[in-house]
Amino acid sequence: MASLCVMKFGGTSVGSADCIRRVAVIVQSAAAQARIVVVVSAMSGVTNQLIAGAHRAATGEKDFLPKLMGDLRAKHVAALEALVGDSQNRERIAGVIDDVLAELERLLQGTALLCELTPRVLDAVSGGGERLSAPLVAAAICELGLRSVAVPATEVIVTDGHHGRAEPLMAETREHAEAQLRHLIDDGVVPVVTGFIGATADGVPTTLGRGGSDYSATILGAALGAQETVIWTDVDGVKTADPRLVPEARTIPQISYHEAAELAYFGAKVLHPNTLRPVSSAGVPVWIRNSFKPEKVGTRISAKGMSNGGGVKALTAIREVTLVTVGGPGIVGLTDVLARSFGAMAAMRANVLLVSQSSSQNDICFVIPSTDEKEAVEALRSAFAPEIAEQTVEHVSARAEVAIVAVVGENMRGIPGVAGRTFSALGREGVNIIAIAQGSSEYNISLVVEAASMQRSLAALHKEFRLHEGVPAA
Ligand code: ASP
Ligand code: MG
């Protein structure tokens, strides 16, 4: 039996009719070798537009809705017209687009009427973009003579009810995937599944978090027992550093799940943080490839990465983060500061990116995405309300305008001197290091620096570890 491959195409890869046509060609050539399941993101920009629209509606405003809906319709219908020749087919798909848009508009009208945006409604709205793009991609694949259908992931990926950051229930998802997709795959039809979204067992729509289509792809790969998952995006693969910040950055041909997870975790823009979770235990490889340059082989992520000899394989940086500090007189000596702080963060599912505590235990600090700052500070203030009430000193403070820079590589383990070289290189550049963390796994040394010195730090470290020389090809 032919092997099965799940291919995910990101927002820029399906950003216009031309891009979608390119996607269809990639699928067509892959379908000659293997059975293919496609996962798609919304056309680029659409999710942002929908989320912004939802927040605007929540203020009671609704006059902007006809224009928003009109813009979204125009964008998708223009792609449809460029992609599909047959008029009956076009009408059918235009009908699907109009149905989705009408539903979105009703949800946004309701939001404006109530002046309230519930997480549940936000999920139903923000997942609309994938429901609009999937029929276009399926149609483009059909245009090339293959058979393809759009499948809403609400019928396939079963999640918990944590709106905005839902997690899959794998046993149920496996059952649904078998029931909804297996017969299509066996018949040689290419299912085009909406990324990013799922539904609870009761059918309430959820989303897997921003950038969640990557995660959708590996969830489906694991559920269907696919031999590989390919994440098609707009970069050549995993890089030694973000090439926009370090122009000498090179593509890494092979890395391990561990290394990739460190990079994903720290915001390498190519992966949703949970992407590797469903496939790494089964050892199923994940490829990162560029849909605009399919001739490039990309990066292969698997159980065994490949050594580049030097220990450090890549650098990563994450901006738009906030350093939160919990400390001060009322807190010294409390034994449950960590438990209460992280309990509060866990309750809101904040993505805690880095944690540091000095041995004096006077304060702990951790880094979260700036988008979580407000909620996190409120949650911590209420977690420590009794102590704060007794003191006049502020116990919870937040500092934005920082960035995390991390040095990553599985083979750093046991190589002495990596930390020393890291600090010396930054010292020579005059970079002030605000906080430091290294896990005992030794795959990653992370530093919090001022946002303004992030790029300088990356350049210095890239040079120090000679990453511009690249990693030898497999
Ligand atoms: N469309 C969603 C987002 O923009 C999911 C994704 O692109 O992966 O976050
Ligand atoms: Mg996207």
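In listed order, ligands and their atoms are each counted from 1.
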Hey, is G212 one of the residues with a heavy atom under 4.0 angstrom from ligand 1?
yes
For S41, the atoms of ligand 1 under 4.0 Å from one of its heavy atoms are 6 (C), 7 (O), 8 (O)
Atoms of ligand 1 close to R210 [distance to a heavy atom under 4.0 angstrom, numbered from 1]
3 (C), 4 (O), 9 (O)
Output yes when the distance from some N or O of ligand 1 to some N or O of D214 is under 3.5 Å, and no in every other case.
no
Compute the ring centroids of F342 and F366, then answer whether they are less than 6.0 Å apart.
yes
Run the numbers on D98 and R73 for side-chain contact (heavy atoms from CB on, under 4.5 Å), then give the verdict.
CA-CA 7 Å; D98 285 336; R73 184 170 197 282; 2.5 Å; yes
Counting only heavy atoms closer than 4.0 Å, does ligand 1 sit against the backbone of E130, its side chain, both, or neither?
side chain
Is the charged tip of R56 near the ring of F64: under 6.0 Å from the six-membered ring centre and within 45° of its axis?
yes
Using 30° and 60° as the class boundaries, would you call the ring planes of Y443 and H258 parallel, tilted or perpendicular?
tilted
Before signing off on this row, confirm whether G211 and ligand 1 have an N or O atom pair separated by under 3.5 Å.
yes
Where does the angle between the aromatic ring planes of F9 and W232 fall among parallel (under 30°), tilted (30 to 60°) and perpendicular (over 60°)?
parallel
